[in-house]
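All chains are named by letter (A, B, ...) in the order of the sequence lines, taking the proteins before the strands, and each is independently numbered beginning at 1.
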Amino acid sequence: MDLFRRFALGEIDAFETLVRQFQGEIYAWIVRIVRDRGIAEDLTVEALWRIYRARHRFRPEGNFSAWARRIATNLAVDHVRRKRPEQSLVADPAGGPQLDHLLQRETQEKIHRAFRRLPAKLQVAAMLALVEEQPYDEIADALGISVGAVKLRVFRAVRILRRQLSHLGVRP
Amino acid sequence: MTKHDDRQIREALQQSFPTVNTEIHRDLWPAVLRKLEARRAQMPWYDWALIGLSSAVFLLFPQLILVFAYHL
């Protein structure tokens with residue numbers, strides 16, 4: 001019996017093999033969304049547990065990777081939704097004179113805060129499409145929506161972001 | 001909105017968000033297994049409901065404890 005069928009039947013050995021095979025891929029996807037390694041590890045463990053719990057819904061002839069990624073994405077979107085917008089992870093711009101450095105940092109902080117105020121669904125679509133430059137079809141698959149819907153979310157995110165930034169006096 | 005606008009926003013976001021390392025640094029299987037075992041060890045809700053119901057019955061009708069003990 002193949003691995004996926006054994007997993008769907010609840011065999012723990014089969015699940016262990018799948019965890020070892022796919023944990024890196026699931027973690028990489030989650031960390032791209034949440035951008036924190038510790039949180040991404042916790043969410044990956046939670047996602048893997050949910051995957052095991054949902055094994056009855058998995059069709060062994062289906063695509064395990066895509067199915068697992070969708071579960072992981074839902075979890076990551078929930079995390080982004082719960083996360084407070086004040087939390088910030090702004091990159092420290094390297095080099096440059098002190099004043100430029102401070103201005104640049106302040107601008108980045110404003111962009112970061114404006115981004116974190118976007119609705120979670122828009123944040124995730126924009127993060128994956130614009131920051132991580134992931135293919136639209138993969139994003140669509142992970143979010144369980146069409147490519148057109150992903151493009152619309154990204155478009156809306158950019159529009160809201162531009163409006164918020166112009167209110168803050170920032171021109172990216 | 002033009003492609004130029006999109007590119008500006010994309011570049012601004014890429015500068016604002018630090019690049020993340022997507023490599024996993026440890027095997028997560030032990031943590032997953034611990035979580036699975038912890039959840040398995042937890043009593044399901046219907047067991048708690050049964051305990052609650054039995055306690056309520058024994059509190060209301062204490063004489064049933066003797067009947068119950070006799071049948072054990």
Side-chain angles (χ1 to χ4, degrees), chain A residues 12 15-20 23-37 40-42 44-53 88-93 104-105 107-115 126-127 129-133 154-155 157-159 161-162 165 170-172, chain B residues 1-62 64-65 67-72:
Chain A
I12 203 80
F15 181 52
E16 182 181 353
T17 308
L18 288 175
V19 167
R20 295 242 157 82
Q23 61 182 349
E25 194 184 307
I26 295 169
Y27 169 83
W29 189 257
I30 291 177
V31 82
R32 284 189 177 105
I33 298 171
V34 301
R35 314 199 75 75
D36 180 298
R37 283 171 50 188
E41 277 191 8
D42 291 346
T44 305
V45 171
E46 178 71 22
L48 290 165
W49 176 73
R50 287 191 187 191
I51 285 165
Y52 185 72
R53 211 177 50 171
S88 171
L89 272 173
V90 171
D92 202 10
Q104 199 181 341
R105 195 179 166 81
T107 305
Q108 287 185 351
E109 187 74 47
K110 282 179 179 172
I111 293 170
H112 199 280
R113 249 185 281 134
F115 187 82
M127 180 65 81
L130 301 177
V131 180
E132 291 294 328
E133 299 186 316
V154 174
F155 174 80
V158 170
R159 198 177 54 182
L161 210 51
R162 187 165 286 284
L165 290 175
V170 177
R171 277 192 63 82
Chain B
M1 199 169 299
T2 64
K3 281 189 174 173
H4 176 66
D5 289 338
D6 273 0
R7 204 186 68 234
Q8 280 182 327
I9 285 279
R10 183 191 296 265
E11 283 169 3
L13 286 173
Q14 284 173 347
Q15 280 170 13
S16 293
F17 286 93
T19 311
V20 284
N21 182 356
T22 57
E23 287 293 312
I24 196 164
H25 291 276
R26 66 183 178 102
D27 179 19
L28 298 178
W29 172 247
V32 175
L33 193 61
R34 271 197 303 278
K35 199 172 174 75
L36 284 175
E37 282 167 355
R39 299 289 171 130
R40 271 189 203 151
Q42 279 178 359
M43 272 209 300
W45 66 269
Y46 41 84
D47 281 353
W48 286 110
L50 191 63
I51 289 169
L53 191 68
S54 311
S55 306
V57 168
F58 289 144
L59 275 172
L60 289 171
F61 309 102
L64 283 179
I65 295 173
V67 178
F68 184 72
Y70 176 77
H71 285 287
L72 277 180

(request) Step through the shown structure and confirm whether more than 12 heavy atoms of other residues, nucleotides or ligands are within 6.0 Å of CZ on B:F58. (result) yes

(message) Any heavy-atom pair between the side chains of B:V20 and A:E132 that's under 4.5 Å?
(response) yes

(message) Please classify the contact of A:V45 with chain B as side chain, backbone, both or neither, using a heavy-atom distance under 4.5 Å.
(response) both

(request) Please name the pair of heavy atoms, one in A:Q23 and one in B:I24, separated by the smallest distance, quoted to 0.1 Å. (result) O-CD1, 4.0 Å

(message) Would you compute the distance between atom CG of B:N21 and atom OH of A:Y27 and round it to the nearest 0.5 angstrom?
(response) 6.5 Å

(request) To the nearest 0.5 Å, tell me how far A:I111 CD1 sits from B:Q14 CD. (result) 11.5 Å

(request) Nearest 0.5 Å please: distance from the CD atom of A:E41 over to the CG atom of B:L28. (result) 5.5 Å

(request) Find out whether A:W49 and B:L36 are in side-chain contact, i.e. whether some heavy atom of one side chain is under 4.5 Å from a heavy atom of the other. (result) yes

(request) Rounded to the nearest 0.5 Å, what's the gap from CZ on A:R159 to CD1 on B:I9? Could you check? (result) 13.0 Å

(request) Please report the shortest heavy-atom distance between B:R10 and A:A129, naming the atom on each side. (result) NH1-O, 3.4 Å

(request) Show your working on side chain to side chain contact (heavy atoms under 4.5 Å, CB included) between A:Y52 and B:V32 and close with a plain yes or no. (result) CA-CA 10 Å; A:Y52 185 72; B:V32 175; over 6 Å; no

(request) Please flag which part of A:I30 lies under 4.5 Å from any non-hydrogen atom of chain B: side chain, backbone, both or neither. (result) neither

(request) Step through the shown structure and confirm whether more than 12 heavy atoms of other residues, nucleotides or ligands are within 6.0 Å of CD on A:E133. (result) yes

(request) Check A:Q108 against B:Q15 and note the closest heavy-atom contact, atom names and distance. (result) NE2-O, 3.3 Å

(request) Go through the atoms of B:E11 and report whether side chain, backbone, both or neither lie under 4.5 Å from a heavy atom of chain A. (result) neither

